[in-house]
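So the structure is just underneath, and the comments pick up after that.
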Amino acid sequence: MSTLEIDRVRKSYGSLEVLKEVSISIDTGDFLVLLGPSGCGKSTLLNMIAGLETISGGEIRIAGRVVNDLSPKDRDIAMVFQSYALYPTMTVSQNIQFGMKIRGVPKAERAKAVQAAADMLQITHLLERKPSQLSGGQRQRVAMGRAIVRQPRLFLFDEPLSNLDAKLRVDMRTEIKRLHARLGTTIVYVTHDQIEAMTLATRVAVMKGGVVQQLDEPQTVYDRPANVYVARFVGSPSMNVIPGTLRVEGDKVMAVIEVQNRPPATISGIGLSRDAAARYAGRPVLVGIRPELFSVANGQPGTITVDIDVVEPTGPDTLAVFQLGGVEVTARLPPKQVEAGTATMLAVDTSKLVLFDPATENLIK
Amino acid sequence: MAEAISTLPSPSPAPGSGRVTKTDETPRYNRAWIGRLFIYATLIAMAAAYLMPLWVMVTTSLKPLEEIYGGSFIGFPQNFTLDAWRVAWSQACIGTECTGLKPYFVNSLLIVIPAVVLSTGIGAINGYILTKWRFPGANLVFGLLLFGCFLPYQAILIPMARTLSLIGLAGSIPGLILVHVSYGICFTTLFFRNYFVTLPDDLTKAALVDGAGFFRIFWSIILPTSIPIIVVSCIWQFTQIWNDFLFGVSFTSGAHSPITVALNNIVNVTTGRKQYNIDMAAAMIAGIPTLLVYIVAGRYFVRGLTAGAVKG
Ligand SMILES: Nc1ncnc2c1ncn2[C@@H]1O[C@H](COP(=O)(O)OP(=O)(O)O)[C@@H](O)[C@H]1O
Ligand SMILES: [Mg+2]
């Protein structure tokens, strides 16, 4: 059953169109991440789901019920904000039970719910403190506690980790994932951090300029990005997108790429539908190669030779930068296998290589 | 070097700790002392100059009239008496009534308390709406309100008199309250708006999701965070209204006058010898409430004025 359906939803501020016909549908228990750069309309969409922004066009349904004109409190949702938005003059305990108090939940029941949420989030010892006496991570937990006691059908998170330092961010990410596993509640989560999207989501909607570019499982978004924009946005270092030409010889599909001061490189063994191969044969394409698809060749056929420009060891592996097809390309290689300023033979794993149309920048399927 | 360090009040750093040698700091230390002495002397002189009138007022009000006319104005009272205070409070003649300042003091309280509460309350709601429930044209409304802060008192005298007589409040205490409330709203709205602008909007959003409505959010979340600015608004309004003379003399008369108008009558309308001791006592009675407010809440005033700036 689908818990949340966003059906051709639009949003304009005056003449400024912030969201253009966004359609997303997710199932109960899904973890949807809205991923995109700052200003692409993620928060606006989340606020519209919450009922904090009006909907200019289209419909939003929660559990089959149209909520366009319902106030936030009637939508069966709870929300966690980037700034935590804890009520500054209330204690942690009062913060968590504020919503229940308004709904007239009896005191004993409220106390029990607060206790249960506090236990789950390990904030029992903080219940009588004021928000100003808490660290960032603790505030984050309290904000989640306030959402949990609501027992909503839908959790909404707006960049909940972006005010935390790097280490804490990773810890809290795990915490949120654990919470989702434990409660099984459907979540919509906004972030500009592609790693958060990859690690948390069951479904990712990559957005740009108020348009959803791709809605898929995270692995699919990573392996088969719908267009060059998604390809570059997801993954770090980002996917190499290299201009080349497609050559088809019988059943064999290969890409020919210019290499500076050397004969052109040929990457053969590309998997492509017969139909697409026929359409693009002899024509320019963009070759998408993730950095980890490169490896140091040991004599196998179909290798390319490049001059390594810069080497950046990261610990577990080394990033090698070189020129290919007129653009800068990064390869992720095991440590200590290449040196800067030397010619190196590299192999490419073509099973996960993707091709884009240079005109539309869309994935060639 | 050891001697040089020992003259410093702070413990000397461990040898070899890399600190620059302190020897050359001794003269600087002495020079700082001289500078400080100079600063204090200046400050004390300035404070004395400013406090001189108060001193004269206090001593004069505690002297019998003969002593004032017979001796120096500045000296300490020889025949200490509280008579002048008693007369000023309950016997001095204002117009034809010889009731002292007491009833007018009460008038001023009856004006100032509702006027401060109302103007602060309305300013708070205005600021809340202008920041957290923005509507099209909110900025224009705020701009117009701000314009009200710059309106000179004189400009509103005649329209206000006309309005008061139209609604039947001319010459009454409720009428004067209305005048002070409407004139004060510009300032109180400005205070609260600028304070609430620093409160994150997410706070209101979170409360909406929690199910709170317009007044619930105001009462339970916004107001409790606003104590400093409430204090600022109250002090500001209290001083303005208590010290007001022009509105009081224009819109009330006789038994409904505030204390400033009564004080003016006492001081200006005398038969025979000028009773300086009573005048001084009366002036101090009229001034004590604002003084008290500053002494009790002045600390919060400064804190409240800077609170927004620090937070933002
Ligand atoms: N109240 C508003 N009035 C006008 N434009 C707005 C308003 N709120 C957001 N926008 C614009 O809408 C776009 C999307 O904003 P937002 O949803 O906050 O982006 P994101 O959360 O993805 O960073 C931005 O260009 C922003 O300037
Ligand atoms: Mg945002």
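So you know, we letter chains A, B, ... as the sequences are listed, proteins then strands, and number each from 1. Quick caveat, the model's predicted, so the values are computed rather than measured. Side chains are part of it too, since the values below use all heavy atoms of this structure and drop only hydrogens, waters and symmetry mates.
Using a 4.5 Å cut-off between heavy atoms, M100(A) makes no contact with chain B at all. Looking at D158(A), neither its backbone nor its side chain comes within 4.5 Å of chain B, counting heavy atoms on both sides. With a 4.5 angstrom heavy-atom cutoff, L156(A) does not touch chain B via any of its atoms. For A147(A), no part lies near chain B; criterion is any non-hydrogen pair under 4.5 Å. Proximity to chain A involves both the backbone and the side chain of S220(B), based on heavy atoms less than 4.5 angstrom apart.
Residue F135(B) qualifies as enclosed at atom CZ: its count of foreign heavy atoms under 6.0 Å is above 12.
Between Y189(A) and F157(A), the ring-plane angle classifies as tilted under the 30° and 60° cut-offs.
For the pairing with Y128(B), the side chain to side chain contact (heavy atoms under 4.5 Å, CB included) check across T189(B), L199(B), I217(B) returns one residue only, I217(B).
Between the side chain of D119(A) and the backbone N or O of T124(A) there is no donor-acceptor pair closer than 3.5 Å.
Contact count versus chain B (heavy atoms, under 4.5 Å) is highest, among G99(A), A50(A), P152(A), A143(A), for G99(A).
Side-chain contact annotation: Q240(B) with Y183(B), donor-acceptor N/O pair under 3.5 Å absent.
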